[in-house]
Structure formats: C-alpha cells, structure tokens
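Quick note on labels: first sequence line is chain A, next is B, and so on, each numbered from 1. Bear in mind the structure is a predicted one, so any value in this text is a computation, not a measurement.
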2 protein chains.
Amino acid sequence: MHEIPVYSTDLTWIALRLEGLEETIIYHLIERIQFCNNSAVYEAGKSGFEGEASRSLLDIRLMYHESMDARFGRFEVPEERPFNANLPHVMRKVNLPDYPIHLEDFDTVNLTNKIKQTYIAILPVICRSGDDGQYGSSVEHDVYTLQAISRRIHYGALFVAESKYITDPGRFDVLIDSNDTDKIMEALTRKEVEEKIIRRIREKVEIAQSKANRDIRILIDPETIVGFYRDTIIPLTKEGELLYLLNRKR
Amino acid sequence: MHEIPVYSTDLTWIALRLEGLEETIIYHLIERIQFCNNSAVYEAGKSGFEGEASRSLLDIRLMYHESMDARFGRFEVPEERPFNANLPHVMRKVNLPDYPIHLEDFDTVNLTNKIKQTYIAILPVICRSGDDGQYGSSVEHDVYTLQAISRRIHYGALFVAESKYITDPGRFDVLIDSNDTDKIMEALTRKEVEEKIIRRIREKVEIAQSKANRDIRILIDPETIVGFYRDTIIPLTKEGELLYLLNRKR
C-alpha cells in the first residue's frame, strides 16, 4: 500500500481515488434499499415536521445535516459541494492539502441539483415499492448516499478535468475559447476507462452481497447500480469536467 | 425473502435482525479505517472548535449529530439510545410498530458510555497510527460506526432478554428477585450462538474486502473485528440483557 496523495493531477492517482469511493457508494446504496421506497419523504409538504409546511422530509434532513457539516468544515474541501446554499460558517480550522484546482468559486462546479433528481428517480427501481413507515432511516441513508455520490462526481469533475487540461493546455484553450462543448466532451471521453469502471462496479456489488443472509438482507440487482453509474454518475462527472474547464481561471 | 417483523419475541427473528446489522457495522468500520487513528480528535480541549474549550471533537460531533437525530425522532425507537442527555424534543410523529419491551424508561438500558470507551480504545489497533489531518471525516465516520454498534447492542439487549424471559418467567423472576446476576448471566449465555456469530463475522469481513484494490483501500484484519465482537459487542449486549431484566416492569 503506497501513500497516495489526496490531491494530484496524475490520472493514475485520481483514478485510484475514484475507485476507492466506489465501495462507499455501493455500501450506502445497499443500506438504503433495506427500506422501502417511501415516496412520501420526497414530496414537498408531506414531511410532518413541525414548522415545515413546504419542504420534503429529505430536504429538511439535508438542510440539517449540511448545516452541521458546514460548521465542521466539510465544504471547505473542493470536492464536497453542498446541496443547500446559505449554510452556516465553519467553526474550526480545516487542514487542507494543496490542491491543483483553478476556480474562483468551487460552486461554479456544483451538480447537486441533478444528483438529487437522478437519485430520487432511481429509488423506485432499486427499492421495494410501498411504504414501511421507516421515514427517518430512509432520509438518513439518503443523505449519506447523496454525499457519497456527490463526492465521487465532484472529485472526478475537478481533478480529472485539470489533469487532462495540463496534458495539452493550448488545445484546450482553443476549444474553451470557441465554446466548442462537443469537442471538449470528445476530448474528455475515454470509453475504455468507462467500461472498466462498469465491469468493476458489477463485480463489487456481487461480492458485497455474496455472504448476505437473504432471509433478512434485501439484495440489490447489480445491473441497477451499473446502470446508475453508466447513465448518471459517469455523465454527470463529465458534465462537471466541462463546467470546470469553462470556468477555469487562466 | 419473508417479511420479518421489526420487533418480535421470536428468537429466530431477533437473531436475523441482529445478523442484518452486522454488515452495517462492518461497512462503517472499514470506512473509518481509511483514515489514520487521529487521536487528537478524542482529546478534550483539542477540538479547535469555536466556543468549545473543553469537549473533544468527537464529543462535539456526537452532540450536533444527536441533536439533529433527536428532532427527527431517532430516540423514540427503543433500540436507539443516545450518547448524550438533554437532547432537543422530537419535531415529527414517528411511526413505531408495537414493541414487546417492558421498561419505564428505555434509558435504563443505555450502554453508550461503555460503547464509546471501548470503541475509542480499539481505534489504535484497527487504524494506521499517526495523524493524516482528516479530523472532520474521522469523527463523521466515528458517529456512524458508534450508532451502528449501539443499535446492535441495544436491540440485542432488549429483545433477546425479553424473548428469554418469556420462555420461563417464573424462573427469571426468582433470579431477578434474589438479584443473582451470575445465575442470570448464565441463563442468558448460549456459547454456541456466540461462536456462530464470530465465524460469520470473520467470513463477512473477508468477503467485504476481497475485491478491494489494495493500492487505494486500506484493509482491516478480520481478527480485529472478530475480537471486537467477542470482547465488546457480545459482552455489552449481555450486560444490557441483564440490565433489562433487572429493570423490567412486572
């Protein structure tokens, strides 16, 4: 085991970091699907929470959780982007390693709205339908899962984009100046890497569940997580890479 | 996959519920050990948190997290016992299935102090020594792990004790009235079940890590989790069973 830098522009290190985040996403998804879909917790006005007439229970939980996290310094970290604006200020000094990211404001690359939308949309596919009344546990696990997905997407967006940029700044500057998003996306795409990730995800989900007792643990179909990676996590990461390059300070 | 009742006095159901909580504990421990021991976060007065001169960073995080959880209703649930007293009141109606627990106050069975102590004591064994500066992430994962361990211990304590009690109330009443804790503990102990749990934990930890990329994921020695189950989780569960019986309403 080497000491891998937290931040780097070396694509090998970055890929390893991204790979290390896969277990976290998979674990959290498996924990979430132990509960039913519980669609009421995503509906505005149905939270049953005192003084909260309009937000969904998930949105209330996200606000509480991120308010706490903001005080502890989570969002000082480039790849930790909040789902909420106007959070409390940080109450401790955060040790941040040097990072090779060139943005005025980290939140110019913030894909949390789309992450939340796509995540809520996948729940009826991966969870048992219906309502088991376990609303508090459902939104608790939703927050953990959303944060894990968000970290993976934003880490990839920022660091992969920067590492690709510095391989050929002249070429990227031309594409950025001409706002040629198709060509930029083409330059960012590596199909064979995406396919390798997909295969690895499938295998990890299968292994993670292989010793679970089916009398008590609910299993997830690996293909649904694979599909979520392929259709949501990877495309949103690339969308973030594009946003990064278009907003990169020179 | 059957529908298993959340609460029951059937030892088969209870054992399955307890088994289902094992993955959660294992996942969280694996996530925590991705960071160094970071012993400073457990030392009073070293939090660096504004306005917090005396508590450790973990204790501050636990207080923030449990204050949020209390508002969402976590501690209305019998097996969710808080590490803090004087938490805010619940702000939503919690759907709680009927539970066969006979206590005036759930917190007469609250082992959180011992859980926190033994957990902090195991960290230097399971984490890489030293300090990686990732204090916020360390205490975040500590809280998740502590809550998972606590849920397992308190669920086991309450429901296993009640299920054993009702197999022979007369015998238990005599032991309880004579305050014969040794005999009660003897009546609560099933060595062969404990050994089965231990074997299963070892296997689950091995499997959980079998596809991890060792270049980026730090692995945990299954024997350390096995030891933690054997020397801490199982004994504290039995201590909780004893407390339950001694405080059981008749």
Side-chain angles (χ1 to χ4, degrees), chain A residues 1-2 4 6 13 16-20 23-24 27-28 30-31 34 47-52 57 60-61 64-65 67-69 71-74 76-77 90-97 132-137 139-140 144 200 203-204 206-208 210-219, chain B residues 1-2 4 6 13 16-20 23-24 27-28 30-31 34 47-52 57 60-61 64-65 67-69 71-74 76-77 90-97 132-137 139-140 144 200 203-204 206-208 210-219:
Chain A
M1 162 94 211
H2 319 92
I4 295 179
V6 178
W13 292 147
L16 280 173
R17 283 263 160 217
L18 292 175
E19 187 180 337
E23 273 82 0
T24 314
Y27 291 168
H28 284 306
I30 291 175
E31 294 286 302
Q34 304 308 310
S47 73
F49 204 90
E50 265 179 49
E52 287 285 356
L57 192 65
I60 299 166
R61 179 80 185 189
Y64 269 91
H65 200 103
S67 296
M68 168 178 69
D69 279 342
R71 292 189 173 94
F72 282 79
R74 172 181 220 114
E76 310 303 302
V77 174
V90 58
M91 295 180 75
R92 52 181 282 270
K93 201 185 157 307
V94 175
N95 305 304
L96 206 55
D132 56 22
Q134 305 274 309
Y135 295 171
S137 297
V139 296
E140 178 190 347
Y144 303 154
R200 197 169 58 213
E203 201 172 35
K204 283 184 180 177
E206 283 166 359
I207 286 282
S210 61
K211 291 307 293 178
N213 182 338
R214 287 156 191 249
D215 285 339
I216 179 68
R217 293 290 286 188
I218 296 160
L219 301 190
Chain B
M1 161 95 213
H2 319 90
I4 294 179
V6 178
W13 291 148
L16 280 172
R17 283 264 159 215
L18 292 175
E19 186 179 337
E23 273 82 358
T24 314
Y27 290 168
H28 283 305
I30 291 175
E31 293 288 301
Q34 304 308 311
S47 74
F49 204 90
E50 265 179 49
E52 288 284 356
L57 191 65
I60 300 166
R61 180 79 186 191
Y64 269 91
H65 200 102
S67 296
M68 168 177 70
D69 280 343
R71 291 189 175 94
F72 282 79
R74 174 187 285 264
E76 309 304 302
V77 174
V90 57
M91 294 179 75
R92 50 181 284 268
K93 200 185 158 306
V94 175
N95 304 305
L96 205 56
D132 56 22
Q134 306 273 310
Y135 295 171
S137 297
V139 296
E140 178 189 347
Y144 302 155
R200 197 169 57 213
E203 200 174 36
K204 282 185 180 175
E206 282 166 359
I207 286 283
S210 62
K211 291 307 291 178
N213 182 340
R214 287 156 190 249
D215 285 339
I216 179 69
R217 292 291 285 189
I218 296 160
L219 301 191

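When each of A:Lys204, A:His28, A:Glu19 is scored by its heavy-atom pairs under 4.5 Å with chain B, the top score falls to A:Glu19. Annotation: maximal heavy-atom pairing with chain A below 4.5 Å, among B:Ile60, B:Ile207, B:Val6, occurs at B:Ile207. Ranked by heavy-atom pairs under 4.5 Å with chain B, the first of A:Gln34, A:Glu140, A:Arg200 is A:Glu140. When each of A:Arg17, A:Met68, A:His65 is scored by its heavy-atom pairs under 4.5 Å with chain B, the top score falls to A:Met68.
Summarising the geometry, atom CD belonging to A:Glu31 is positioned 6.5 Å from atom OH belonging to B:Tyr27; distances are rounded to the nearest 0.5 Å. Atom OG of A:Ser47 sits about 14.0 Å away from atom NZ of B:Lys93, to the nearest 0.5 Å.
Between B:Asp69 and A:Arg61 a salt bridge is recorded (basic side-chain N to carboxylate O distance below 4.0 Å).
B:Ile216 and A:Leu16 get closest at one heavy-atom pair: CG1-O, 3.2 Å.
For the pair B:Glu50 and A:Arg92, the minimum side-chain heavy-atom distance is 4.5 Å or more. Between A:Glu23 and B:Lys211, every side-chain heavy-atom pair lies at or beyond the 4.5 Å cut-off.
When atom types are taken as modelled, the side chain of A:Arg217 and the backbone of B:Gly20 share a donor-acceptor pair closer than 3.5 angstrom.
For an aromatic pair to be called close, the ring centres must be under 6.0 Å apart, and A:Phe49 with B:Phe72 satisfies this.
Residue contact with chain A, scored on non-hydrogen atoms closer than 4.5 Å, involves the backbone and the side chain of B:Leu57 alike. For A:Ile30, the part lying under 4.5 angstrom from a heavy atom of chain B is the side chain only. If you measure heavy-atom distances from A:Tyr135 to chain B, the contacts under 4.5 Å come from both the backbone and the side chain. Heavy-atom distances place the backbone of A:Val90, and not its side chain, under 4.5 Å from chain B.
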